[in-house]
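Worksheet: the structure to be examined is printed underneath.
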Amino acid sequence: MAGYSGITAGYLILGDRPCLVETGTSTSAPVVRDALSSLGVGPDDLATVVVTHIHLDHAGGVGDIANYYPSAEIVVHEKGARHLADPSRLMASAKMVWGDKLDVLFGALAPTDAARIRALGDTGTIDLGNGRALASHYSPGHAKHHVGLLDSLTGDLYVGDAAGVYLPETGDLRPATPPPDFDLDVALGSIALFTALKPQRLLFSHYGPVKDVPSTLERSAEELRIWVDLTRRARDEGLDLDHAVAMVRDRTRERYAALRADEATAEQFELLSGAPSNVAGIMHWLDRTPR
Ligand SMILES: [Zn+2]
C-alpha cells in the first residue's frame, strides 16, 4: 500500500474453493494477482473474494480482482454491497477526506457487477470446500459494514480493523476509530463477540497473525477506552480538533514503541490509525451521543 510493504494484509485460504480475504488497495491488486499466481491460483481458480469492510485499504482492489478472477463470488456485508457495485459515493467521500493523497494511497475502486456480489447479514457462511467454511459475524463499531470471519478448520479469526491496528515489529496495538461510523459501545460489543467466539488466532489486516487471543482482545478494548477518555477530556476542556489531536497524541505517546522507533515505522503507524483520524472519529461519536 502506497509503496509500503507489510502494512495491509490480504489472506489466501487454499483448499477446494480458494478464498481471498481482503484485496488491499486498487494499486496493490497487481501485486495480489502475482502472489496468487505464484501460489498456483490462476484466473479461473479463485472461488471467493471476501472483505471485512469496504474501506479502501481493504476493499479498494475488489473491482480489479473481480476482473482478474471472473468466476469468483464477491462477498461483503449488506451495508457495503451497493458501494462495491457503484463506488461513486464512496470515492467522492474518500476524495473529501484524503484530497490529493487519494491516488497515491488507494487509487480508485472499480465497480463490480452487482450480479457477482453476495451480501451478508448478521451472520453468513462462505464455503471453502471439503466441509470447511468461513463463518461471518457482523462486527460494527469501526465501520457499520464490518464483519469478522472465523475459519471452521483452523479457528483463525479475520478481525479486519475491529480489534484495532497491530504492529508486529513492536507488538503495539492501537485503536482505529475513524469517522463517520465509530461508536464505542458498539465497538466494545464486537470485541466481546470476538472473545466469545474463542478463536485460535487473530489475523489482523494491519498486520499479521497474533496467537495470544484473550489478552490481545483485552488490550483492544482498553486502548479504545483510553482514547475515548482522553478525547472526551479534550472536548470538555473546549479544545478544537487540532488541539485535541495534539493533546491525545501527546498523552498516548508513551504507550507505543513504534513512535520511538525509526521514522518509517512511526509513519506507518500514523498512516494506518493516525491520531487525527482517530480523534475526529471519537469527537464525531461524542457529538451525536448524549451522556
Ligand atoms: Zn484498515
Side-chain angles (χ1 to χ4, degrees), residues 1-11 20-29 31-32 49-62 65 75-77 79-80 83-84 87 90-91 93-94 97-98 101-102 104-109 136 138-149 157-169 172-183 186-187 190-191 194 202-210 216-217 219-220 223-224 227 256 258 265-282 284:
M1 174 179 161
Y4 296 95
S5 62
I7 181 163
T8 290
Y11 292 92
L20 177 67
V21 181
E22 316 282 49
T23 64
T25 62
S26 167
T27 47
S28 300
V31 180
V32 173
V49 176
V50 55
V51 290
T52 59
H53 61 301
I54 61 164
H55 289 164
L56 293 174
D57 51 331
H58 302 254
V62 164
I65 296 287
V75 183
V76 61
H77 187 262
K79 288 201 161 79
H83 297 290
L84 295 186
L90 180 67
M91 288 308 299
S93 68
V97 174
W98 296 99
K101 284 201 263 179
L102 181 69
V104 180
L105 287 175
F106 305 113
L109 170 61
S136 79
Y138 185 44
S139 49
H142 169 80
K144 65 179 181 217
H145 38 71
H146 195 291
V147 297
L149 300 157
L157 179 66
Y158 299 86
V159 291
D161 288 353
V165 166
Y166 175 78
L167 219 63
E169 290 87 348
D172 287 332
L173 184 64
R174 192 149 95 153
T177 62
D181 293 346
F182 173 67
D183 182 309
V186 173
S190 292
I191 291 171
F194 285 177
L202 306 174
L203 300 193
F204 282 84
S205 297
H206 319 286
Y207 184 91
V210 172
T216 301
L217 290 175
R219 270 168 72 202
S220 298
E223 287 287 326
L224 282 176
W227 280 69
Y256 310 113
T265 308
E267 218 174 273
Q268 275 192 31
F269 214 25
E270 273 298 304
L271 188 63
L272 287 169
S273 76
S277 153
N278 276 353
V279 172
I282 296 168
H284 182 69

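Atoms within each ligand, like the ligands themselves, are counted from 1 in listed order. All values derive from a computational prediction rather than experimental measurement.
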Under 3.5 Å, is there a donor-acceptor pair linking the side chains of H55 and H142?
-> yes
What N/O/S atom of H58 is the closest to the Zn ion (ligand 1)?
-> NE2
Where the Zn ion (ligand 1) is the centre, what is the NE2-to-OD2 angle for H206 and D57, rounded to 10°?
-> 80°
List the atom of T23, the atom of G61, and the distance in Å for their closest heavy-atom pair.
-> OG1-N, 3.2 Å
Which atom, counting only N, O or S, brings D161 closest to the Zn ion (ligand 1)?
-> OD2
Over 60° means perpendicular and under 30° means parallel, so classify the ring planes of H58 and H206, tilted if in between.
-> perpendicular
State, yes or no, whether a side-chain contact exists between V147 and V75 at a heavy-atom distance under 4.5 Å.
-> no
